[in-house]
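Below is one structure, written out as structure tokens; comments come after it.
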Amino acid sequence: MFRIWGKLFKNNRLLRDMVYENSASSLNRTKKVFAGLHEFCMEFDLQEPIWLDKNIDEFKRVDKTRFYQDNFIESIEFDYLEIHVIEEDES
């Protein structure tokens, strides 16, 4: 089972969160991350953020990254969206 946690923060307070689960063995990890991010954006009524180099590097290092205003074209009503892989598929 692959699980990723999406959280919205404002003023260091958790506004909303959601866990996305995917057990499809036909999808690779990257596709599962993008599918999870898409589900978070649908649930939180957001446009999908743009992945900047700093997000890619951070996600590769620690399986977690934050999307700030710089990652969104429209203005956002929160400080950041954080995604964090909390469970990987068993190999």
Side-chain angles (χ1 to χ4, degrees):
M1 176 69 67
F2 178 85
R3 296 185 331 144
I4 189 167
W5 189 10
K7 301 173 269 189
L8 290 180
F9 285 89
K10 183 167 181 115
N11 299 324
N12 290 323
R13 295 181 191 269
L14 179 65
L15 298 177
R16 295 184 69 187
D17 71 327
M18 174 185 161
V19 174
Y20 170 78
E21 296 180 355
N22 190 320
S23 59
S25 59
S26 60
L27 296 178
N28 64 25
R29 183 178 193 261
T30 302
K31 289 182 180 178
K32 290 177 183 179
V33 169
F34 284 123
L37 184 58
H38 178 75
E39 288 298 316
F40 299 143
C41 291
M42 295 291 288
E43 179 69 24
F44 301 152
D45 193 26
L46 303 173
Q47 68 173 50
E48 292 195 30
I50 298 166
W51 285 79
L52 302 175
D53 289 339
K54 66 180 182 177
N55 299 107
I56 295 167
D57 293 340
E58 182 179 38
F59 197 77
K60 284 179 183 177
R61 270 192 346 269
V62 293
D63 291 336
K64 178 166 93 172
T65 193
R66 291 178 177 176
F67 298 101
Y68 294 93
Q69 179 63 63
D70 293 351
N71 300 94
F72 294 92
I73 295 171
E74 299 172 355
S75 73
I76 56 175
E77 300 291 321
F78 53 92
D79 293 334
Y80 60 89
L81 164 66
E82 180 178 283
I83 61 172
H84 183 192
V85 174
I86 55 176
E87 185 177 345
E88 292 278 354
D89 292 323
E90 306 235 346
S91 307

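Worth knowing before you read on, the calculation uses all heavy atoms, side chains too, and leaves out hydrogens, waters and symmetry mates.
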#### Entry: Pairwise distance CZ(F67) to SG(C41) - rounded to 0.5 angstrom
8.0 Å

### Message
Suppose we screen for side-chain contact (heavy atoms from CB on, under 4.5 Å). Which residues come up paired with A24, at least two apart in sequence or across chains?
### Response
N22, S26, L27

### Query
Got a sec, which residues hit side chain to side chain donor-acceptor pair (under 3.5 Å) with Q69, two or more places apart in sequence or on another chain?
none

### Query
Would a distance-only check, ignoring hydrogens and angles, find a side-chain to backbone donor-acceptor pair under 3.5 Å from Q47 to E74?
yes

### Task
Enter the distance from E82:CD to K64:NZ here, rounded to the nearest 0.5 Å.
4.5 Å

#### Entry: Separation of E21 CD from K32 NZ (nearest 0.5 Å)
11.5 Å

### Contacts of E87 that satisfy side chain to side chain donor-acceptor pair (under 3.5 Å) - sequence neighbours left out
R3

### Task
With sequence neighbours left out, write down each residue that passes salt bridge (charged side-chain N to carboxylate O under 4.0 Å, His left out) with D17, or none if nothing qualifies.
none

Residues 49-56 side chain polar contacts: donor-acceptor under 3.5 Å, at least two apart:
unit_1, atom_1, unit_2, atom_2, d
N55, OD1, L52, N, 3.1
N55, OD1, N71, ND2, 2.8
N55, ND2, T65, OG1, 3.0
N55, ND2, R66, O, 2.8

### Message
For D57, give me all partners under side chain to side chain donor-acceptor pair (under 3.5 Å), at least two apart in sequence or on another chain.
### Response
none

#### Entry: In one Ile/Leu/Val/Met/Phe/Trp/Tyr side-chain cluster, 4.5 Å: F59, Y68
no

### Query
Other than V19, what residues sit in its cluster of Ile, Leu, Val, Met, Phe, Trp and Tyr side chains whose heavy atoms are under 4.5 Å apart, directly or through others?
W5, I86

### Query
Between CD1 of I76 and CG of L81, what distance do you get to the nearest 0.5 Å?
8.5 Å

### Message
For R16, give me all partners under side chain to side chain donor-acceptor pair (under 3.5 Å), at least two apart in sequence or on another chain.
### Response
E43

### Message
Atom CG of residue position L14 - does it have more than 12 heavy atoms of other residues, nucleotides or ligands inside 6.0 Å?
### Response
yes

### Task
Before giving the answer on side chain to side chain contact (heavy atoms under 4.5 Å, CB included), spell out for F40 and L8 the whole-Å C-alpha distance, their side-chain angles and the decisive distance to 0.1 Å.
CA-CA 10 Å; F40 299 143; L8 290 180; over 6 Å; no

#### Entry: Criterion side chain to side chain contact (heavy atoms under 4.5 Å, CB included) on M18 and E39, from CA distance to verdict
CA-CA 9 Å; M18 174 185 161; E39 288 298 316; 4.0 Å; yes

### Task
Is it possible for you to say whether I4 and F34 belong to one hydrophobic cluster, with membership spreading through side-chain heavy-atom contacts below 4.5 Å?
yes

### Summary
Hits for ring pair (Phe, Tyr, Trp, His ring centres under 6.0 Å) against F44, two or more places apart or cross-chain, chain-then-number order -> none

### Query
From L37 CG over to E48 CD, what is the distance, rounded to the nearest 0.5 angstrom?
5.5 Å

### Query
To the nearest 0.5 Å, how far apart are CZ in R13 and CG in D79?
11.5 Å

### Audit row: D63, E88, side chain to side chain contact (heavy atoms under 4.5 Å, CB included) steps and yes/no
CA-CA 10 Å; D63 291 336; E88 292 278 354; 4.0 Å; yes

### Query
Is there any ring pair (Phe, Tyr, Trp, His ring centres under 6.0 Å) pair reaching into residues 9-32, and which pairs are they, with sequence neighbours excluded?
F9-Y80

### Set of residues satisfying side-chain contact (heavy atoms from CB on, under 4.5 Å) with respect to N28, sequence neighbours excluded
T30, K31

